[in-house]
Amino acid sequence: MIRCDHLTKIYNSIAAVDDLCLEIPAGEVFGLLGPNGAGKSTTILMLVGLIQPTSGACSIDGTEVAAHPIEVKKKIGYMPEDVGFYPDRTAEENLDYAARFYGLSEAERKRRVDDLLALVGLDGVGTKVGGYSKGMRQRLGLARALVNEPAVVILDEPTANLDPRGVLDYRRIVRSLADRGTTVLVSSHILSEVSKVCTSVGILARGKLIASGDREMLSRAAMQDRVTIDVETVTPMPRLTNPEILSAEYSQDTCSARIVAKHDISGFIAETLYAEGILPRRLAVEMPDMEDILLSYYAEGTA
Ligand SMILES: Nc1ncnc2c1ncn2[C@@H]1O[C@H](COP(=O)(O)OP(=O)(O)OP(=O)(O)O)[C@@H](O)[C@H]1O
């Protein structure tokens, strides 16, 4: 369980994290979403005890972080945005080194390291970590975060360097952790990524938690994950029909339309128009971004 009580961090009289109150129950996969500079990393650094709050407190499984940093570190698995390893050692050696801090016997370490390498798909890779791709480093970072079988796992932008296969593996691992009762906090600025793996989500903007909730809120956010397509044609166009279309507004002469769809259906629109012998003058696709979604929550003042 992760808990923040009025957690605040002020840098040069600016609040990087502002009065954050949050409770993430055991077994929850919580997505901490927010644009760059929102305060996600600062929150995480306080949760893992690497920086002290200016005021307020946070606790991991009932233990206050600032008061018991060593005890808390044993309960947490943390993967920072940029994971550091010994470049002249293999993945196995790096993980074994990390496992030594938790007082495991050699046999236990060997078993755990082998299991973790298999889990993240790095088993059988004998090369030194210095020669790893960014994606491989991120896989190893996830393994290292799990080396102490933590009750709480905190992952800062975990998919930033992963290829699609790596992202699928990561989601599978996170789900299996949650199934075992592990609490997972994932920070990201990618809404779609968070919505795929998280059971609940909080949106941070300028250090403040402006919205938080479960899947229902996620689907509301996902609803706004929609595409606007502006169409202009030389001659009047017919009404377009497609199950992806959420709404459509046509000009009186039907030579222009603003279509809102669940996905980018500009290819379908172009094909339909050509099939009808109608020349498109303009077909502009507008994707919503994280900032739009955040701003819509901000405007609503949801808390
Ligand atoms: N050590 C520091 N000294 C001064 N200001 C800082 C420090 N660390 C962070 N900040 C400021 O605090 C705010 C929040 O930064 P933080 O890194 O927590 O955001 P973030 O949501 O993790 O963003 P990103 O995704 O870009 O890492 C930013 O305005 C940042 O400039």
Side-chain angles (χ1 to χ4, degrees), residues 31-38 40 133-135 138 157-172 186-198 201-206 210-211 213-302:
L32 188 61
L33 272 168
N36 290 337
K40 304 181 295 294
S133 67
K134 283 183 181 173
Q138 204 146 21
E157 301 277 356
T159 56
N161 298 309
L162 295 179
D163 61 16
R165 171 78 203 276
V167 171
L168 289 180
D169 284 347
Y170 146 81
R171 286 186 203 145
R172 172 180 52 79
V186 177
S187 92
S188 181
H189 59 275
I190 308 168
L191 178 70
S192 57
E193 187 45 52
V194 162
S195 61
K196 292 246 165 48
V197 80
C198 296
V201 68
I203 297 178
L204 208 58
R206 283 168 257 152
I210 56 166
D214 55 14
R215 278 194 176 277
E216 200 184 308
M217 190 200 126
L218 268 182
S219 43
R220 273 182 64 206
M223 283 291 287
Q224 299 181 54
D225 212 0
R226 57 196 183 164
V227 181
T228 304
I229 304 153
D230 281 321
V231 194
E232 280 177 34
T233 49
V234 177
T235 49
M237 72 181 111
R239 304 258 156 189
L240 297 158
T241 49
N242 183 300
E244 295 280 300
I245 295 177
L246 295 167
S247 67
E249 281 170 36
Y250 292 84
S251 61
Q252 211 157 17
D253 62 1
T254 69
C255 284
S256 69
R258 191 169 175 82
I259 314 281
V260 178
K262 289 181 213 159
H263 300 104
D264 178 8
I265 55 161
S266 52
F268 157 82
I269 295 174
E271 276 171 28
T272 309
L273 294 176
Y274 281 122
E276 300 265 345
I278 297 162
L279 270 186
R281 200 195 297 271
R282 197 171 88 93
L283 204 56
V285 180
E286 239 178 71
M287 299 282 193
D289 62 10
M290 181 69 199
E291 199 69 22
D292 291 340
I293 293 162
L294 287 174
L295 287 173
S296 71
Y297 274 101
Y298 206 69
E300 273 178 38
T302 321

Can you pull the salt bridge (Lys or Arg N to Asp or Glu O under 4.0 Å) pairs that have at least one residue in residues 237-250, sequence neighbours excluded? none

Looking at residues at least two apart in the chain, or sitting in another chain, which of them share a side chain to side chain contact (heavy atoms under 4.5 Å, CB included) with Glu276? Pro238, Ile278

By side chain to side chain donor-acceptor pair (under 3.5 Å) - contacts of Arg282 (at least two apart): Glu232

Is there a side-chain contact between Val231 and Leu273, using heavy atoms and a 4.5 Å cut-off? yes

Rounded to the nearest 0.5 angstrom, the CG-NZ distance for Leu168 and Lys196 is 9.5 Å

Given 3.5 Å as the limit, does a donor-acceptor pair link the side chain of Ser187 with the main chain of Glu157, or not? yes

Might you point out which heavy atoms bring Val194 and Ser188 nearest each other, and give the distance in Å? CG2-CB, 3.5 Å

Non-hydrogen atoms of Ala248 and Ile259 that approach each other most closely: CB-CD1, 3.8 Å

Hits for side chain to side chain donor-acceptor pair (under 3.5 Å) against Arg171, two or more places apart or cross-chain, chain-then-number order -> Glu193

With sequence neighbours left out, write down each residue that passes side chain to side chain donor-acceptor pair (under 3.5 Å) with Ser266, or none if nothing qualifies. Asp264

Should Val186 and Tyr170 count as side-chain neighbours, where that means a heavy-atom distance under 4.5 Å? yes

Output for pair (Ile245 CD1, Ile265 CD1), nearest 0.5 Å, gives 4.0 Å

Could you tell me the separation between the OG1 atom of Thr235 and the CZ atom of Arg281, rounded to the nearest 0.5 Å? 9.5 Å

Does anything in residues 251-261 form a salt bridge (Lys or Arg N to Asp or Glu O under 4.0 Å)? List the pairs, not counting sequence neighbours. Asp230-Arg258, Arg258-Glu286

Taking only residues two or more places apart in sequence, or in another chain, which ones meet Thr159 in a side chain to side chain donor-acceptor pair (under 3.5 Å)? none

N/O donor-acceptor pair under 3.5 Å between Lys40 side chain and Gly34 backbone: yes

Quick one: list whatever passes side chain to side chain contact (heavy atoms under 4.5 Å, CB included) with Arg172, sequence neighbours left out. Leu119, Asp169

Closest heavy-atom pair and its distance - Pro236, Cys255: N-SG, 3.5 Å

Would you say the side chain of Leu240 lies within less than 4.5 Å of the side chain of Tyr250, judging by non-hydrogen atoms? yes

